Amino acid sequence: MLERVPLLEKELVDFTDVVGGATVERIRELAEPFRGARVLHINATAYGGGVAELLATHVPLLRSLGIDAEWQVMQGSDEFFSITKHVHNALQGADIEWTTSMQRTYLERVLDNALALGDGWDYVVVHDPQPAALLSFLRDKKIGRATTKWIWRCHIDLTAANPEVWEFFRPFVEQHDASVWTMPEFVPDSLNMARVVHAPPCIDPLSVKNLELAMPFCTEITKQYGIDPHRPIVCQVSRFDPWKDPVGVLEAFQIVRRQIPDAQLVLAGSMATDDPEGFRVWEAVEAARGGDRNIHLLSNLHQVGAVQINAFQRMASVMVQKSLREGFGLTVSEALWKGRPVVGGRAGGITLQIREGYDGYLVDSVEECASRIIDLLADPVGSEAMGAQGREHVRDNFLCTRELADWLTLFGRLGNDEPRSATRS
Ligand code: UDP
């Protein structure tokens with residue numbers, strides 16, 4: 001067995017106040033045929049980044065519906081994660097050298113994981129490229145296609161994927177029974193699969209990251225980090241990753257400060273175990289900060305966890321997600337759910353979440369980012385209205401209950417003829 005991630009308990013019924021009883025009832029009906037079915041989600045890391053965030057809610061909710069769901073993480077090594085980070089970058093469009101030695105290390109490590117995987121699953125969902133080749137080592141086993149439906153969930157924007165790296169992964173992906181993508185635009189034309197599904201990720205409104213917090217509490221938290229709660233706060237929450245463009249945010253903020261001298265910037269970013277690039281990017285941002293005390297560079301190494309992120313997002317006058325490429329960008333929905341307007345890079349899933357001029361603004365450059373931040377800081381009433389619209393947009397489209405219904409519908413299609421749970425003793 002791979003390493004099993006410990007889960008919190010969650011109950012679907014608790015979401016009734018947020019999404020309404022009819023939605024909860026519909027999900028229950030969708031789940032009924034899958035009572036007792038065994039579902040395994042596999043990804044590369046138990047914390048840090050959006051996939052971990054999603055699974056921490058999705059898997060407990062499957063369990064609350066009587067489905068025997070688990071989340072397990074791959075065992076890697078520094079070398080493996082460094083290679084898969086290169087793969088991630090290449091699939092988002094970076095030019096990398098994809099050597100045979102990298103391919104060998106990748107496949108050897110996936111083989112080790114395949115050998116460790118237990119069987120007896122009805123559905124296995126593998127997330128992103130790290131575990132994408134698992135099924136190729138298991139095809140002739142019981143857990144291969146004979147008794148288990150395999151689904152590949154791609155969280156990455158592949159519109160400009162490096163062709164060599166994508167062609168390496170494509171045959172592995174195509175062995176799956178279905179693939180799930182955040183946006184239709186992300187699916188490469190070359191992908192030859194019968195079942196290709198589009199379903200954006202979502203946030204958990206009741207998680208510690210998103211639940212309501214009293215403003216005095218948020219004020220105290222920000223103070224603890226040396227941030228002045230009475231001055232305007234501009235904030236970006238994201239891993240320290242070049243695609244999230246933290247240096248670009250910092251440059252935009254320096255322009256903002258010329259017009260709004262009391263503004264402060266908070267860059268909060270966690271370090272993920274499968275992301276060795278993080279520490280290098282952190283140093284680049286620290287250098288660009290040049291000791292400016294109005295720019296707060298914070299991470300999980302400063303005990304910045306879900307509560308602090310929640311508080312920073314609530315205290316911000318403007319949230320920023322200036323990504324250059326973005327699979328989805330959960331941080332955008334997180335901010336909108338808290339009624340904050342968002343200035344986002346015109347990239348991938350951010351364009352699904354920000355409706356230009358309604359929930360915030362989409363930008364293509366440092367200068368545009370600065371000018372939109374200035375507009376929003378200068379217009380608190382308009383900002384509030386945008387935030388309120390954004391919250392409803394998230395309620396309608398980007399909450400975990402919608403995602404739950406999407407997955408149950410897909411399971412239903414895949415196991416159409418005979419619900420697997422009915423065949424189990
Ligand atoms: N996050 C966090 N602490 C940080 C930075 C990020 O908890 O210091 C969370 C953030 O709130 C969001 C997730 O990590 O829930 C990032 O997901 P997103 O889809 O925005 O980006 P990804 O990291 O998956 O590219």
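For ligands, and for the atoms within them, numbers begin at 1 and follow the listed sequence. Numbering of residues begins at 1 and proceeds along the displayed sequence. As the structure is a prediction and not an experimental result, all values here were calculated from the model.
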Review item, side-chain donor-acceptor pairs of residues 90-104, under 3.5 Å, at least two apart:
unit_1 : atom_1 : unit_2 : atom_2 : d
T99    : OG1    : M102   : N      : 3.1
Q103   : NE2    : W98    : O      : 3.2

*When you check the side-chain N and O atoms of R153 and N43, is any donor under 3.5 Å from an acceptor?*
no

*Among all residues two or more places apart in sequence or in another chain, which pass the ring pair (Phe, Tyr, Trp, His ring centres under 6.0 Å) test with Y225?*
F312

*Ionic contact status for D262 with R231, cut-off 4.0 Å*: no

Which atom pairs, nitrogen or oxygen on both sides, join ligand 1 and the protein at under 3.5 angstrom?
unit_1   : atom_1 : unit_2 : atom_2 : d
ligand 1 : 7 (O)  : K209   : NZ     : 3.0
ligand 1 : 8 (O)  : G269   : N      : 3.4
ligand 1 : 8 (O)  : S270   : N      : 2.7
ligand 1 : 11 (O) : K209   : NZ     : 2.9
ligand 1 : 11 (O) : E334   : OE1    : 2.7
ligand 1 : 11 (O) : E334   : OE2    : 3.3
ligand 1 : 15 (O) : K209   : NZ     : 3.4
ligand 1 : 15 (O) : E334   : OE2    : 2.4
ligand 1 : 17 (O) : G50    : N      : 3.3
ligand 1 : 19 (O) : L330   : N      : 2.9
ligand 1 : 20 (O) : L330   : N      : 3.1
ligand 1 : 20 (O) : T331   : N      : 3.3
ligand 1 : 21 (O) : K244   : NZ     : 3.0
ligand 1 : 23 (O) : R239   : NE     : 2.7
ligand 1 : 24 (O) : G50    : N      : 2.6
ligand 1 : 25 (O) : R239   : NH2    : 2.8
ligand 1 : 25 (O) : K244   : NZ     : 2.7

_Pairwise side-chain contact, I151 with R195, heavy-atom cut-off 4.5 Å (strictly under)_ = no

Compile the donor-acceptor pairs under 3.5 Å between side chains in residues 16-24 and protein atoms, sequence neighbours left out, one pair per line.
unit_1 : atom_1 : unit_2 : atom_2 : d
T16    : OG1    : V13    : O      : 2.5
T23    : OG1    : V19    : O      : 3.3

